[in-house]
Amino acid sequence: MGQIRSDIGLISGINTADIINQLIEIESQPAVRVQQQNDTLQEQQQAFAGLSAQLLSLKLTAGRLTTPSTFSATTSASSDEAVATVSSGAGATPGDFRFSVRRLVSAQQTVTSGFRDRETTPVAPDGGLLTFNRGEARLDRETRLEELNGGAGVQRGKIKITDLDRNSATVDLSDAITLQDVVAKINDASIGVRAEIDAGGLVVRDITGQTSGGGDRSLIIADLGNTNTATQLGIAGDTDTGELTGAPLYTIGDDTVLANLNDGLGVRTSGANDLQITAADGQVFNIALTAGFDNDRFAGNRGRDRL
């Protein structure tokens with residue numbers, strides 16, 4: 001039994017449905033183009049919105065350039081948070097700072113032995129006077145390496161020492177904080193030398209009992225690597241006498257801090273004119289070492305003269 005297809009004419013045999021669809025497609029082309037234009041406009045609108053957001057962000061960022069605090073803001077980071085944490089604020093000096101941790105602070109408490117009464121037994125039994133001395137005034141106080149060489153300090157590193165018995169040792173001073181640390185590390189080396197502080201510098205002596213052999217045996221101290229530790233400690237060199245006397249280390253220089261003078265007691269300031277200098281032409285200069293001005297410049301001469 002045959003079938004009749006509705007899209008083909010019974011008499012003409014023409015595919016009318018296909019013709020109608022094509023005619024509809026042709027008629028709808030303007031609407032398709034309009035839709036495509038709408039899609040393009042929407043994409044452009046989204047692009048302009050993104051560009052506007054970026055321009056706004058650029059405007060806000062550029063606006064910060066007019067704020068002085070933008071240029072004084074700093075960030076900081078510690079290479080080992082387990083040892084030390086760090087934070088910085090406006091005005092902090094940018095740079096790479098290294099710290100050597102030698103000792104951890106600990107609490108200490110000292111209690112007197114007490115007295116049986118408050119009014120009869122004198123504190124000084126012999127009728128003498130009580131004298132209080134600041135610890136900084138002691139000649140054997142610890143001297144920090146950064147105070148040496150006129151405030152320029154000492155570059156920390158390794159040095160090599162050879163005694164008269166031709167034994168050599170590498171002494172690591174990279175974590176030394178004070179001059180006393182340097183002496184202790186040299187004396188702990190496994191060779192026959194002994195170091196001490198004398199006459200404002202270091203003296204290293206050979207204790208092997210050997211004597212010089214016409215230059216064949218010498219006490220030698222040298223720098224290692226790229227550091228000048230031995231040189232800046234004033235002990236780099238060699239001698240066949242068995243004793244090497246270093247150069248004076250505690251000197252006054254451009255970077256000397258006034259608070260380090262006089263065995264750490266510093267320099268007393270009055271807040272007014274502390275010094276008066278009369279020049280050769282009779283001109284008088286009044287110098288005020290103002291409070292807080294404890295570095296190395298005189299305040300009264302606009303920083304032209306230095307200690």
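Owing to the predicted nature of the structure, the values given are computational and were not obtained by experimental measurement.
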Of the non-hydrogen atoms in Arg156 and Ser174, which two are nearest, and what is the gap between them? CD-O, 3.4 Å
Answer yes or no: is there a donor N or O on one side and an acceptor on the other, between the side chain of Gln180 and the main chain of Thr143, under 3.5 Å? yes
Shortest non-hydrogen contact from Ala84 toward Ser78: O-OG, 2.7 Å
Thr61 side chain to Ser57 backbone, donor-acceptor under 3.5 Å: yes
Please table the atom pairs, donor to acceptor, closer than 3.5 Å between any side-chain atom in residues 228-236 and protein atoms at least two apart or in another chain.
| unit_1 | atom_1 | unit_2 | atom_2 | d |
| --- | --- | --- | --- | --- |
| Thr229 | OG1 | Gln155 | O | 2.7 |
| Thr229 | OG1 | Gly157 | N | 2.9 |
| Thr231 | OG1 | Asp223 | OD2 | 2.6 |
| Gln232 | OE1 | Gln155 | N | 2.5 |

With side chain to side chain contact (heavy atoms under 4.5 Å, CB included) as the test, pick out the partner of Thr239 among Val204, Leu244, Thr245. Leu244
Which pair of heavy atoms, one from Ser218 and one from Asp240, lies closest together, and at what distance? OG-CB, 4.1 Å
Would the distance check show the side chain of Ser52 and the main-chain N or O of Phe48 forming a donor-acceptor pair, the cut-off being under 3.5 Å? no
Decide if atom CD of Glu81 counts as having more than 12 heavy atoms of other residues, nucleotides or ligands within a radius under 6.0 Å. yes
Note: Leu164 and Gly242 closest approach over all heavy atoms is CD1-CA, 3.9 Å
With Ile186, the side chain to side chain contact (heavy atoms under 4.5 Å, CB included) member among Val193, Ile191, Ile221: Val193
To the nearest 0.5 Å, what is the distance between CD (Gln29) and CD (Glu27)? 9.0 Å
Between Asp175 and Lys185, is the side chain to side chain contact (heavy atoms under 4.5 Å, CB included) condition met? List the steps. CA-CA 10 Å; Asp175 60 348; Lys185 284 181 173 291; 3.1 Å; yes
Under a 3.5 Å threshold, yes or no: a donor from one side chain and an acceptor from the other, between Asn38 and Gln42? no
Out of curiosity, does Leu224 fall in the hydrophobic cluster containing Val171 (side-chain heavy atoms, cut-off under 4.5 Å, transitive links)? no
For residues 163-173, pull every pair meeting salt bridge (charged side-chain N to carboxylate O under 4.0 Å, His left out), keeping only residues two or more places apart or in separate chains. Asp165-Arg217
Passes side chain to side chain contact (heavy atoms under 4.5 Å, CB included), Leu219 versus Thr162? Steps please. CA-CA 6 Å; Leu219 173 61; Thr162 303; over 6 Å; no
Does one hydrophobic cluster hold both Ile197 and Leu249, with members joined at side-chain heavy-atom distances below 4.5 Å? yes
Please say whether more than 12 non-hydrogen atoms of neighbouring residues, nucleotides or ligands are located less than 6.0 Å from CG in Asn226. no
Apply side chain to side chain contact (heavy atoms under 4.5 Å, CB included) to the pair Val203 and Glu243, showing each step before the final yes or no. CA-CA 7 Å; Val203 177; Glu243 180 175 309; 3.9 Å; yes
If you round to the nearest 0.5 Å, how far is CD1 of Ile161 from CG of Asp238? 13.5 Å
Taking side chain as C-beta onward, heavy atoms only, is Lys158 less than 4.5 Å from Thr227? no
Can any side-chain N or O of Asp181 pair as donor or acceptor with the backbone N or O of Thr178 at less than 3.5 Å? yes
